[in-house]
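Here is the structure we will look at, set down as structure tokens.
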Amino acid sequence: MTDPSTAASASSIEAHTHVLAAEHAGTETAGAPGKPDKPRSLASDAWDDLRRRPLFLIAGSLIALVLLMALFPFLFTQTDPGYADLARSRQGPSAQAWFGYDNQGYDIYARTIHGARASIVVGICATTLTVLIGGTLGLLAGYYGGWLDGLMSRVADVFFGLPFVLGAIIILSSFGSTGTTSVAQIMFLVVMSIAVLSWPVCMRIMRSAAITAKQQDYVKAARALGASSSRIILRHMLPNAVAPVLVYATIALGAFIGAEATLSFLGLGLRAPVVSWGVMIADSRDIIRVAPHTLLFPAAFLTATVLAFVMLGDAVREALDPKTR
Amino acid sequence: MGRYVLRRLLQLVPVFIGTTFLIYWLVWSLPGDPFAGKCGDRPCPDAYIAVMRERFHLDEPLVVQYGRYLWNLLQGDFGETFRGLEVGELISNAYPNTIRLAVVALLIEAVIGLAAGVLTGLRGRGFLDNLTLVSTLFLISLPVFVTGFALQIFFGFELGWIKTTVAKSPAPWEQLIAPGFVLGSLSMAYVTRLTRTSIAENKHADFVRTAVAKGLPQRRVVGVHLLRNSAIPVVTFLGTDLGALMGGAIVTEGIFDIKGIGNLVFDGIIGKDGLIVTGVVTLLVLVYLLSNLLVDLLYAVLDPRIRYD
């Protein structure tokens, strides 16, 4: 998954991702299919459903494993990922080093385990930022409508029109050419460029969900009872509009990890002092013909992690969508 | 219809200006001297820098520069690079390769994706359905460069079936099949899933039951009644994907060394040659906006219930 903007097409629960301004008008025909008539809440229904899905169990245990790798890498390996010995350069997998050694003689197994942290941190930070920006703007645009909605949607269109990889390359080369080697600064730049290019997708999803929620009777009732705008938005609309964004965020988290690897592969994302799967893949680029194992192992871990998040998103969407029960 | 198109075209103008200005601002406010290293090992003489800054109007405010650029662009002039090459000519040399690549990718994803989607959507749950779901999941999670390297190593170096690099320009169609597959593989998975869901939903619709009851042959029911009504989400995706394919071609073109605009723009960014970058991105944004408009117009053709007045 190289272009995270495509994650949107996989994540929309309902087909009304593109709600036109005219549809703001309160027609009640939309009718929420997501409201069960049983006394149990949709969330607990979904959780019950999720726990019995094999897809969810597989994805959940994979993600737990990767998180464990990111938090406590020393549980898995005692080897120092920063120790290189040129004498063992490009040696294949053996009993000492399960995944072999790379061009510089680093232990690939140790680096793969330690690389999980950077990839996961970038993925989580970028997702949080994207959801915060896109979700807030989408909620406001959906609730207030009118010129505010029009303005925000046009601004989102401007960012949406930029192809992701191209936009990220330009942002990173503009701000990254200062030649910094500080790990935090490099990570911050990558996270920012991903979030800046991805928030319009999240905003569109949140906006259409908010518009659907706004037309429901309970929102009208709350307004009739004199609830303030902030109370309506936070207590009534947000909980009912958050599901599609949640699904998008799960899939996007996987997509962003892949995007980080793509940017590192192009030589613009994370680099040398940072150990990440993308950096390892970029290092292997020039020697894949003679030592394919340097590409194989980090790529396999990367693919498995992205796969786990996409599967989780799939499972959550199916559990939240009553039509598929 | 005519008024709708006109209104949409007018709406495109602010988005177009916003996007191109964003790119222009980002590219031309790059920190670092654009003339560093342009004169070999020595720093450039001051006279040369003064002449170049004068020639490319680098001392004017950014907004004025942008206005001048846009005005020239409207007259079909993309400007020239610092080396004095016409950007328009560079783009017209590189663009056919990328268009060919994108067309091959779009064809592959549409044909394979639609076929697999229709097949599994009609069959319903079963072995084939699960196989498609798992393989599309896998394709979605595989980064493009991994797919590219895997195909290049396996079919190129080991089996010798494909050429590992497409250095010729214009690129021959048959050599673009493997790169096109790599580029389109992610979208192929999405097309399959969208078609499958859409077909499965519409399979039990009233109009399908009526068509079967009328005694129409299975082929006509599926090909005309079912497919046409299920096509809208797929067409939406394919339309927006055309723009994404051109932008995403950077990685694929890099792996297979295709002389397309992806390569051109990457060299432009690395070489700090701003006019190449802005020119290519402007073109890409235009393609993206127009293909979105085309998709919206196709809705009315596919579904007669949708009208634009």
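We use all heavy atoms of the structure for the numbers below, so side chains are in, but hydrogens, waters and symmetry mates are not. A note on names: the letters A, B, ... follow the listed sequences, proteins ahead of strands, and every chain is numbered from 1.
- Contacts of Asp257(B) classified as side chain to side chain donor-acceptor pair (under 3.5 Å), with partners at least two apart in sequence or in another chain: Lys259(B).
- Annotation: Phe188(A), atom CZ; neighbour count of heavy atoms from other residues, nucleotides and ligands within 6.0 Å does not exceed 12.
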Next item on the list: Tell me, with the steps shown, if Val158(A) and Ile17(B) meet side chain to side chain contact (heavy atoms under 4.5 Å, CB included).
Entry: CA-CA 9 Å; Val158(A) 167; Ile17(B) 292 180; over 6 Å; no
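- Between Phe149(B) and Phe265(A), the angle of the ring planes goes over 60°, which puts this pair in the perpendicular group of the 30/60° scheme.
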Below 3.5 Å, can you tabulate the donor-acceptor pairs from side chains in residues 162-169 of chain A to any protein atom, sequence neighbours excluded?
none

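- Leu266(A) has its side chain out of reach of Phe145(B): every pair of non-hydrogen atoms, C-beta onward, lies at least 4.5 Å apart.
- In this structure, chain A has a heavy atom under 4.5 Å from the side chain of Val265(B), while its backbone stays farther away.
- If you run side-chain contact (heavy atoms from CB on, under 4.5 Å) between Ser141(B) and each of Leu302(A), Thr303(A), Thr305(A), only Thr303(A) comes through.
- For Phe159(A), the part lying under 4.5 angstrom from a heavy atom of chain B is the side chain only.
- If you measure heavy-atom distances from Phe16(B) to chain A, you find no contacts under 4.5 Å at all.
- Residues Leu289(B) and Asp157(A) are not in side-chain contact: their nearest non-hydrogen atoms beyond the backbone lie 4.5 Å or more apart.
- Rounding to the nearest 0.5 angstrom, the gap separating the CD1 atom in Ile23(B) from the CD1 atom in Ile171(A) is 7.5 Å.
- The line from CD1 of Ile251(A) to CD1 of Ile140(B) is 8.0 Å long, rounded to the nearest 0.5 Å.
- Here the side chains of Arg193(B) and Asp314(A) are in contact, with some heavy-atom distance below 4.5 Å.
- Looking at Leu296(A), there are no atoms closer than 4.5 Å to chain B (heavy atoms on both sides), in backbone or side chain.
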